[in-house]
Structures are given as structure tokens and as C-alpha cells.
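Below is one structure, written out as C-alpha cells; comments come after it.
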Amino acid sequence: MSPDHPPGLDLDRLRGLLDRERPGLVAGPLSGRLIEGGRSNLTYAVSDGTGNWVVRRPPLGHVLATAHDMKREHRVISALHPTDVPVPRPVLLCEDEEVLGAPFYVMEFVEGTPYRTAEQLAPLGPERTRAAVLNLVDTLVGLHAVDPAEVGLGDFGRPEGFLDRQLRRWAKQLDASRNRDLAGIDELHATLGRELPRSPSPTVVHGDYRLDNVLIGGENDEIRAILDWEMSTLGDPLTDLGLLVMYSSPLGMPDSPVSTTAQAPGHPAPAELIERYAARSGRDVSAVAWYTAFAWFKLAVILEGIHYRYTLGQTVGRGFDRIGDLVPVFIEHGLTTLQKG
């Protein structure tokens, strides 16, 4: 990959567009690099030597527009930017596929660190780690406090029947990648369906809220930006809490290719995160075990899909050969979470 011409990013066409739509923004030739770590959409850091921006676009090749909706991502950060929710400042949305071969948007570059593992958190020390994770909860409370209608997101999703649709969606995903017996996964799905909780009032839901989808920086380790809004919608806010709790729970698998941050010294226990969210949001979290079990189920389905593609030779990279071993662990965590309540 050339650092000046990463795949999927034509810097000359991008410069031409910015000069037309945002005259004076760019002061010199652009350089760009692909930011590693993206799950789905491609993310590039772009600079003219003085200013810095980020470009988000769908993966290369044929993709489903509904799965990589740049307009949707741009809309939600544009709506939230004037609020207290930390998101990058949006710069421009381009739906003309002639520019980069796909719709994309540009936003400001925000300095900060996405902490993905307990090992990355460890140098912060116990006190800073604890504060950072509790701040993650407080920032989620702030997101869920935004009135969608007041920021122009009243029609951003279909909250009615949200949990039922989510369950059906992930069951369909599971069926699409079934090529082996997975003990307990049908029981987990059926139990979730039987015990479907009643959702609180809908909010903007991030859909993938965890420590490595925020940027932390500054002297006080504040959350400077929430990233990766591709799964955002209007729905049940406790799905975000359940996912955060799941990612804060020990997996019990050393050297796992998928890790949580739970083992970092000073990391608050899931129970403390739940209590803090309840106290600061005022929401009833008595059904949080269901939402956490649903998060385990969803991740089990995602991992099984990755394993399925690995068996077909459609994945490249380290660690994919061990993903399949993780799926039963996630299923067991989901069942145990429901049993314990």
C-alpha cells in the first residue's frame, strides 16, 4: 500500500471535492493512510500538513448499502455534534460514487486512544483505568438522555418491536452460517425469545458501545469522541448497556483472539457499571441479565459467521483459526447469565 494513495481513497478527487464544497479548508496537497482496526467500513486519516481529517467509506467491492450506510452515520453525528455527546465534527457528506467509488463522509480528526485490550489499559494504572471505564458509563447515560426528536432524529429508526426484530435478525444471521452443531445456541435463542423484556422509552442507540469505540485523551482521560455509528438507530437503550457489561466480563480464555478489558487492574466489575448506569439514568435495569445474555448471543453469532468464512477460505490473517473455539464459550456465558438472572 502506498501511504500517499491507499486503496479506496483517490486523494486528487477528494481534494477537488473539498475545494469545491469547502473552499479554503485544504491548504496543500493531501496525504492519507488507512487506520487499522476498523471492523467493517474503511477509515482513513487525511492531512494537508496542517489540518487533519478522517474519511469513512464502505469496504471495497460489492456491499449491501443498508449495511454500510454513510448517509446514516453522517446524519447521526451531525445531529449529536451540537449536544454534549462527544462526536467528531462532521465536515461533508458525498453521495456521488464517481468521487471515490462509493458514498463517503469527512469529519474532523480527533486525537485520542481506543483501548482494545486489558494489556493496553494496564499502563494507565488502576485509578485511571477505573475512572476511564466509569466515564464510559456516564457518557452512555448522556447519549441516552438526548431527545431524538429535538435533534432531528425522531424518524431514525423503528422502536416498536425493536427487541423482537433484533432476535429474529441475529437468528437469521446464525442460520446463514450454520455448518456445525453448536450445543446450547438454539436453547439460548429460544429462552431469550420467551423472556423478552418490556423496553423502556426509545433513545438513540449506538449499537456497538464499548471502550475501543471511543477515543480517550487529555490530562483527565476524558472521552473525546464516540466512533463507529454504523449500527446506530432508535431503540432500546439497555441493549447498549448489556453489550458494555458483556465486554466488561472476563472471558476465562487466556490468549483469546477476542478479548474484553475486564482483567485490567482497576477495571470496575460489571455490577458497578450497572449500578452507576441505573443511578445516573434513572432507568429500571432489573432485566439487565436478559440484555447481557442477548449480547453474548449476538457476539456468538458474529463469531460463528467469521468461523464459517474461515472454513471456506474467505478470511486472511492471524487468529481466525481460533475463532471457532470461542463460540461455545460465548454461548455458555449467555446461558449462565440467563440462569443466574
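In this structure, CE in M70 is found 9.0 Å from CZ in R57, a value given to the nearest 0.5 Å. Note that NE2 of H307 and CG of D321 are 10.5 Å apart. Values are rounded to the nearest 0.5 Å. Rounded to the nearest 0.5 Å, atoms CD (E160) and CG (L234) are 9.5 Å apart.
Linking ILVMFWY side-chain heavy atoms closer than 4.5 Å, directly or via other members, places L299 and L241 in a single hydrophobic cluster. Follow the hydrophobic side-chain contacts under 4.5 Å out from L227 and you never reach V85; the two are in separate clusters. Criterion: ILVMFWY side-chain heavy atoms under 4.5 Å apart, direct or through other members. Under it, I223 and V110 are not part of a common hydrophobic cluster. L211 and V205 fall into different hydrophobic clusters, where Ile, Leu, Val, Met, Phe, Trp and Tyr side chains are chained together by heavy-atom contacts under 4.5 Å. With hydrophobic clusters built from ILVMFWY side chains whose heavy atoms lie under 4.5 angstrom apart, V204 shares a cluster with L163.
Proximity of a side-chain donor or acceptor of R280 to a complementary backbone N or O of G142 within less than 3.5 Å is not detected. Using a distance-only test at 3.5 Å, with no hydrogens or angles considered, no donor-acceptor pair links the side chain of N220 to the main chain of E222. The backbone N or O of D228 lies less than 3.5 Å from a partner atom in the side chain of H206, making a donor-acceptor pair. Of the possible polar contacts, one joining the R165 side chain to the R158 backbone as a donor-acceptor pair under 3.5 Å is found. A donor-acceptor distance shorter than 3.5 angstrom exists from the side chain of Y209 to the backbone of L136, with no hydrogens or angles considered. Between the T233 side chain and the G235 main chain, no donor and acceptor come within less than 3.5 Å of each other. Proximity of a side-chain donor or acceptor of R283 to a complementary backbone N or O of L238 within less than 3.5 Å is not detected. Between the side chain of N213 and the backbone N or O of D208 there is at least one donor-acceptor pair closer than 3.5 Å. Panel note: side chain R128, backbone G266; no donor-acceptor pair is recorded below 3.5 Å. A donor-acceptor pair is defined here as one N or O able to donate and one able to accept, closer than 3.5 Å; such a pair exists between the side chain of Y44 and the backbone of P7.
Ion pairing of D221 with R130 is absent here, as no side-chain N (NZ or NE/NH1/NH2) approaches a carboxylate O to less than 4.0 Å. Note on D186 versus R178: salt bridge recorded, some NZ/NE/NH1/NH2 to OD/OE distance being below 4.0 Å. Using a 4.0 Å cut-off between charged nitrogen and carboxylate oxygen, R210 and D212 count as a salt-bridge pair.
A side-chain hydrogen bond (donor to acceptor under 3.5 Å, both in side chains) with Y105 holds for exactly one of H74, K71, E73; it is E73. Exactly one residue among K340, Q339, E332 makes a side-chain hydrogen bond (donor to acceptor under 3.5 Å, both in side chains) with T336. That residue is E332.
Relative ring orientation between W296 and H333 is described as parallel, the plane-to-plane angle staying below 30° on a 0-90° scale split at 30° and 60°.
Contact detail for V87 and I226: the closest heavy-atom pair is CG1-O, 4.2 Å. Of all heavy-atom pairs between T83 and L80, the closest is OG1-O, 2.6 Å.
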**OP:** For side-chain contact (heavy atoms from CB on, under 4.5 Å), just list the numbers for L100 and L17, CA-CA rounded to whole Å, side-chain angles, deciding distance to a tenth of an Å, and then say yes or no.
**Re:** CA-CA 10 Å; L100 296 185; L17 175 75; over 6 Å; no
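Checked against side-chain contact (heavy atoms from CB on, under 4.5 Å), P250 has the following partners two or more places apart in sequence or in another chain: A262, Q263.
Among residues at least two apart or in separate chains, there is no salt bridge (Lys or Arg N to Asp or Glu O under 4.0 Å) pair with a member in residues 97-109. Applying the side chain to side chain donor-acceptor pair (under 3.5 Å) test to every pair with at least one member in residues 17-29, sequence neighbours left out, gives these pairs: R15-D19.
Counted within 6.0 Å of CG on D155, heavy atoms from surrounding residues, nucleotides or ligands total more than 12; the atom is thus considered enclosed. No more than 12 heavy atoms of other residues, nucleotides or ligands shown are found within 6.0 angstrom of CG on D181.
In the model, S78 has no side-chain atom that pairs as donor or acceptor with a side-chain atom of R75 under 3.5 Å. Between the side chains of T191 and E195, not a single donor N or O lies within less than 3.5 Å of an accepting N or O.
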